[in-house]
Trainee: 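What follows is a structure written as structure tokens; I'll ask about it next.
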There are 2 protein chains.
Amino acid sequence: MVIQYAILGLLSRQPLAGYDLKKLFAEAETLYWSGNSNQIYRMLVKLHKDNFVTQEVHQQEDAPARKVYTITQAGKEALLTWLQTPPELPQVRNHFMLQLTWASQLNDADLEKLLTLYEEELRVKQMMIREQLQRDKGLAENLGNSRSRLLESRITERWLDYYAHELAWVQDLRQEIL
Amino acid sequence: MVIQYAILGLLSRQPLAGYDLKKLFAEAETLYWSGNSNQIYRMLVKLHKDNFVTQEVHQQEDAPARKVYTITQAGKEALLTWLQTPPELPQVRNHFMLQLTWASQLNDADLEKLLTLYEEELRVKQMMIREQLQRDKGLAENLGNSRSRLLESRITERWLDYYAHELAWVQDLRQEIL
DNA sequence: GCCGACATGTAATGGGTTACATGATTTA
DNA sequence: TAAATCATGTAACCCATTACATGTCGGC
């Protein structure tokens with residue numbers, strides 16, 4: 001139940017409504033959740049029941065009511081405990097690599113097409129992360145302490161580096177086999 | 001249903017029993033499946049029903065009977081069709097990165113411990129891939145054509161490169177923040 | 001006598017996704 | 001008038017995992 005801590009983490013910065021969380025997950029290029037409402041709203045109910053968050057209903061005139069959630073002391077402690085749990089290795093599920101494993105069965109044209117499409121997707125993803133980085137820059141400048149800002153920027157750099165290497169690798173491969 | 005094509009791919013090389021597939025998935029460091037029997041045996045039944053594989057029961061005296069599956073022409077065509085489908089971006093689920101996002105809430109000792117544990121896991125994984133590479137080398141030398149051997153080695157290199165970069169990145173980070 | 005390898009399978013559960021449902025307001 | 005945004009939530013489904021169930025054989 002990792003999403004639980006992702007939510008607690010976001011709430012540790014500022015109180016948020018389910019809708020806000022949903023958008024944050026959907027927009028975040030480096031978080032892998034789709035931002036589907038099922039998981040989020042259910043988890044918020046659970047977190048509330050566990051007293052990890054408090055709920056405040058904000059009535060609005062021009063829009064539906066917002067349920068704003070604030071992290072509690074117990075919630076902060078749960079987050080801190082999770083931060084101390086031994087890290088797991090990344091789970092990389094690369095469909096393309098699987099295709100490539102058997103791709104010698106393709107003719108040259110189809111193989112090249114496969115590589116080209118993958119390269120394009122990688123470039124699009126790269127651009128999206130770069131754009132998100134630009135958007136976040138303005139907002140995050142004064143948020144958190146210097147260490148958290150440093151971590152955040154190093155993490156984004158790592159993601160960009162990953163996609164850059166993946167791209168360079170495919171391009172090399174193309175050169176070599178076609 | 002990606003595992004379907006992973007199975008068909010393996011069967012396109014040689015006929016195999018469910019037990020063989022289970023072991024292959026469990027051992028393969030770069031395939032992300034656990035090799036659990038539920039998925040595999042169910043999928044084999046389905047593939048058989050779809051006429052993508054044929055089943056042959058091999059009775060043995062000293063061990064239980066093996067159900068050996070062989071890919072059919074229809075199965076080969078299904079595999080080929082899948083190979084031509086547009087590739088998807090890798091889904092990287094990195095729990096550690098999530099922890100790190102909020103890790104500025106940890107004290108120096110705990111943060112360092114987190115980094116150290118991650119580094120260790122990365123090194124173990126690296127070694128396991130290298131060992132698998134050694135094991136496979138002997139077996140694969142005469143298997144498949146030269147293009148498939150080239151693809152396979154480039155894919156393994158890419159995985160090793162990924163873990164190497166991840167490791168180098170954590171080490172840099174440690175230097176910078178501690 | 002227990003453990004691991006061989007070999008096939010089922011049950012229960014967890015985690016995540018898409019699609020659906022509702023209903024108001026703003027924008028093209 | 002159709003759509004998108006705001007806001008919360010439910011239903012159905014799929015994929016994957018762990019644990020369980022069964023039975024034989026060989027080695028320590």
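Below, chains carry the letters A, B, ... as their sequence lines are ordered, and counting in each starts from 1.
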Trainee: May I ask you to say what Ser34(A) touches in the nucleic acid, namely base, sugar-phosphate or nothing, with a heavy-atom cut-off under 4.0 Å?
Mentor: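 Touches sugar-phosphate only.
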Trainee: Which residue, His95(B) or Gln55(B), contacts DNA chain C at a nucleotide closer to its 5' end, judged by nearest heavy atom?
Mentor: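 The residue mapped nearer the 5' terminus is Gln55(B).
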Trainee: Which nucleotide wins on minimum distance to the side chain of Asn38(A), given the candidates dT17(C), dT8(D), dA19(D)?
Mentor: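 Side chain of Asn38(A) sits closest to dT17(C).
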Trainee: Does dA7(D) have OP1 or OP2 sitting under 4.0 Å from an N or O in the side chain of Gln60(A)?
Mentor: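 Gln60(A) to dA7(D) OP1/OP2: side-chain N or O found under 4.0 Å.
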Trainee: Looking at Arg154(A) and Asp172(B), is there a salt bridge between them, counting it only when a charged N and a carboxylate O are closer than 4.0 Å?
Mentor: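 Answer for the salt bridge query: no.
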Trainee: If you pin Arg42(A) and Pro64(A) to their nearest nucleotides in DNA chain D, which one's is more 5'?
Mentor: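 Its nearest nucleotide lies further toward 5', so the answer is Pro64(A).
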Trainee: For Lys22(A), answer base if it contacts any base atom (sugar-phosphate contacts may also be present), sugar-phosphate if it contacts only those atoms, and nothing otherwise; contact means non-hydrogen atoms under 4.0 Å.
Mentor: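 Result for Lys22(A) = base.
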Trainee: With a 4.0 Å cutoff (strictly under), does any side-chain N or O of Gln39(B) reach OP1 or OP2 of dT17(D)?
Mentor: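 Answer yes for this pair, as a side-chain N or O of Gln39(B) is under 4.0 Å from OP1 or OP2.
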Trainee: Can Arg149(B) and Ser104(A) be said to form a side chain to side chain donor-acceptor pair (under 3.5 Å), step by step?
Mentor: CA-CA 9 Å; Arg149(B) 283 198 301 277; Ser104(A) 63; over 6 Å; no
Trainee: Reckon Tyr32(B) touches a base, only the sugar-phosphate, or nothing at all at heavy-atom distances under 4.0 Å?
Mentor: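 The answer is sugar-phosphate, as Tyr32(B) gets under 4.0 Å only of primed atoms, P, OP1 or OP2.
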Trainee: For the pair made of CG in Leu44(A) and C1' in dA7(D), what is the distance, rounded to whole Å?
Mentor: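 In whole Å, dA7(D) C1' and Leu44(A) CG are 13 Å from each other.
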Trainee: Write down the distance between CG (Asn36(B)) and P (dG9(C)), rounded to a whole number of angstrom.
Mentor: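 Atom CG in Asn36(B) sits about 14 Å away from atom P in dG9(C).
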Trainee: Between P on dT8(D) and CE on Met43(A), what's the gap in Å once rounded to a whole number?
Mentor: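 Atom-to-atom, Met43(A) to dT8(D), this comes out as 17 Å.
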Trainee: Looking at the side chain of Arg93(A), which of dC6(C), dG9(C), dA16(D) is the nearest nucleotide?
Mentor: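 Of all the options, the side chain of Arg93(A) is nearest to dA16(D).
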Trainee: Rounded to the nearest Å, what distance is computed from the CG atom of residue Leu21(B) to the P atom of nucleotide dC6(C)?
Mentor: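 Taking atom P of dC6(C) as the reference, CG of Leu21(B) is at 14 Å.
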Trainee: With a 4.0 Å limit, can you tell me whether Lys67(B) has a side-chain N or O closer than that to the phosphate oxygens OP1/OP2 of dG9(C)?
Mentor: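 So the side chain of Lys67(B) is within the cut-off, an N or O lying under 4.0 Å from OP1 or OP2 of dG9(C).
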Trainee: What is the separation between atom CZ on Arg66(A) and atom P on dT5(D), rounded to the nearest whole Å?
Mentor: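 Between P of dT5(D) and CZ of Arg66(A): 16 Å.
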Trainee: For Val45(B) and for Lys23(B), locate the closest nucleotide of DNA chain C by heavy-atom distance; then report the residue assigned to the nucleotide nearer the 5' terminus.
Mentor: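 It is Lys23(B) whose nearest nucleotide is closer to the 5' end.
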Trainee: Could you check which of dG15(C), dG9(C), dA16(D) has an atom nearest any side-chain atom of Met1(A)?
Mentor: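 Taking heavy atoms from C-beta onward, the closest nucleotide is dG15(C).
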Trainee: What integer distance in Å separates Asp20(A):CG from dG9(D):C1'?
Mentor: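 Distance, rounded to whole Å: 16 Å.
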Trainee: Are the charged groups of Asp161(A) and Arg158(A) less than 4.0 angstrom apart, N to O?
Mentor: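 Arg158(A) and Asp161(A): salt-bridged.
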Trainee: Report the distance from atom CD1 of Ile7(A) to atom P of dG15(C), rounded to the nearest whole Å.
Mentor: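 Nearest whole value for this atom pair: 13 Å.
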Trainee: Starting the side chain at C-beta, find the nucleotide from dG9(C), dA12(D), dT5(D) nearest to Tyr19(A).
Mentor: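 It is dT5(D).
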Trainee: Can you check the Ile40(A) CD1 to dT18(C) C1' distance for me, whole Å?
Mentor: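 Going from CD1 in Ile40(A) over to C1' in dT18(C) covers 14 Å.
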Trainee: Compare the minimum distances between each of dC6(C), dG9(D), dT8(C) and the side chain of Ala17(B), then state the nucleotide with the smallest one.
Mentor: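 That would be dT8(C).
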Trainee: Could you tell me whether Glu27(A) and Arg135(A) make a salt bridge, using a distance below 4.0 angstrom between a side-chain N and a carboxylate O?
Mentor: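 Looking at Arg135(A) together with Glu27(A), the answer is no, because their closest N to O distance does not fall below 4.0 Å.
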Trainee: Which word best sums up how the rings of Tyr5(A) and Trp82(A) line up, parallel for under 30°, tilted for 30 to 60°, or perpendicular for over 60°?
Mentor: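 Parallel.
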Trainee: Between Glu119(B) and Arg123(B), does at least one N-O distance fall below 4.0 Å, as a salt bridge requires?
Mentor: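 The answer is yes: the pair qualifies as a salt bridge.
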